Chemist: 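Starting off with a structure, shown below.
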Amino acid sequence: MTNTQPHLLSVPLPQNAHRWAEEFATQQDNPQKGKQVYLNTLAVYAVHSYLKWLNIETALNQGDSWHRGLRAIFDVADLVLPGVGKLECRPVLPGETAIVLPPTMTQERIGYVGVQFSQQLDYVELLGFLPAREMNESPAILQIAQLQSFDSLLEIIHRRTRLINLRQWVTGIFEQDWQPPELVFANNFRSSSTMTRPSTNSISRAKAIKLESQLLLLVQLTPTDSEVFDIRLRIYPGDDAIHLPPDLQLIVVDEAGNTGMEAQARSADDWMQLEFSCQHEEKFSVKIVLGETSLMEEFVV
């Protein structure tokens with residue numbers, strides 16, 4: 001993969017990409033739909049190849065574009081980035097200066113990539129990326145000149161891969177270091193005896209953290225409706241200690257970096273907690289401070 005022009009990335013289209021595209025296209029009811037699916041498939045595969053080259057994980061077969069029924073009904077060219085979101089990879093034919101985004105496209109995209117085809121369909125040029133938050137026209141028409149460098153995409157990927165996605169917990173997908181509380185607390189009788197018991201519709205995960213001493217952080221998530229979640233944070237002493245370290249601080253920070261709430265341990269506390277609610281896509285951070293050391297866990301709902 002090489003830069004052939006400033007800010008443009010040339011990506012070859014191997015035979016297996018064309019095999020996928022041909023297979024998907026032949027499943028369609030008419031040649032026009034077949035051509036749309038063919039180009040969409042190649043566009044998605046090209047962006048997948050580019051991100052794979054950068055060692056960025058993709059899930060090629062999890063997108064709507066790889067789903068037989070959905071691609072037959074809708075004009076979809078999405079690529080799933082696990083833990084990050086979906087990219088829309090829109091084909092651009094020679095001479096086109098704008099991309100008309102399909103009206104059926106969902107709002108779940110993190111952004112759009114322009115993929116310009118060569119005449120022979122043996123390679124594409126990745127024209128750039130536009131974050132979804134900057135796309136506000138209706139009907140959605142994306143001018144090629146609006147596209148930015150891929151640095152903005154890589155920044156979003158980097159930022160989101162650091163986030164703990166609590167909405168995924170509802171579907172049973174958990175980060176490896178967040179374990180069922182009974183496992184984390186198994187070797188700490190004092191903490192497990194005071195551990196909060198979740199309600200039937202709550203999801204709880206915990207992890208051990210190390211500052212000047214070991215601590216156990218519990219996060220409990222309770223859906224109240226499709227858009228609002230109640231969050232409970234609890235922190236316990238680890239290493240079979242009886243009490244939390246004096247002056248230990250538990251702080252919730254909003255997306256803008258402002259302190260939303262905080263709690264501080266007293267000399268005889270064996271746990272402390274904070275409770276609040278978050279809406280869908282709201283981000284917050286949990287900061288734990290002890291003496292001169294601190295750590296931050298970042299979340300998105």
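Sequential numbering from 1 along the given sequence is applied to the chain's residues. None of these values were measured; they are calculated from a predicted model.
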Chemist: Using atom types as modelled and distance alone, determine if a side-chain donor or acceptor of Arg71 lies under 3.5 Å from a backbone N or O of Trp66.
Modeler: yes
Chemist: Is the closest side-chain heavy-atom distance between Leu42 and Tyr45 below 4.5 Å?
Modeler: no
Chemist: Could you measure the distance from the CG atom of Leu248 to the CD1 atom of Ile288? Nearest 0.5 Å is fine.
Modeler: 7.0 Å
Chemist: Under 4.5 Å between any side-chain heavy atoms of Val170 and Ile203, yes or no?
Modeler: yes
Chemist: Side-chain donor-acceptor pair under 3.5 Å between Gln146 and Glu134, yes or no?
Modeler: no
Chemist: Output the distance between atom OG (Ser202) and atom CD (Gln220), rounded to the nearest 0.5 Å.
Modeler: 4.0 Å
Chemist: Under 4.5 Å between any side-chain heavy atoms of Ile156 and Phe129, yes or no?
Modeler: yes
Chemist: Would you find a donor on one side and an acceptor on the other, under 3.5 Å apart, between the side chain of His280 and the backbone of Glu227?
Modeler: no
Chemist: Can you tell me how far the OH atom of Tyr38 sits from the CD atom of Gln28, to the nearest 0.5 Å?
Modeler: 13.5 Å
Chemist: Do Asp64 and Phe74 have side chains that approach each other closer than 4.5 Å (heavy atoms only, starting at C-beta)?
Modeler: no
Chemist: Side-chain donor-acceptor pair under 3.5 Å between Lys33 and Gln36, yes or no?
Modeler: yes
Chemist: Let me confirm one number: the CG-CD1 distance from Asp177 to Ile209, rounded to the nearest 0.5 Å.
Modeler: 11.0 Å
Chemist: Would you mind checking if Glu297 and Lys207 are paired as a salt bridge, meaning a charged N to carboxylate O distance below 4.0 Å?
Modeler: yes
Chemist: Short question: side chain of Gln148, backbone of Gly128 - any donor-acceptor pair under 3.5 Å?
Modeler: no
Chemist: So, Asp239 side chain and Ala241 main chain: donor-acceptor pair closer than 3.5 Å or not?
Modeler: no
Chemist: So, does Ser65 use its side chain to make a donor-acceptor pair with the main chain of Asp78 at under 3.5 Å?
Modeler: yes
Chemist: Strictly distance-based, threshold 3.5 Å: is any side-chain N or O of Ser118 a donor or acceptor partner for the main-chain N or O of Tyr123?
Modeler: yes
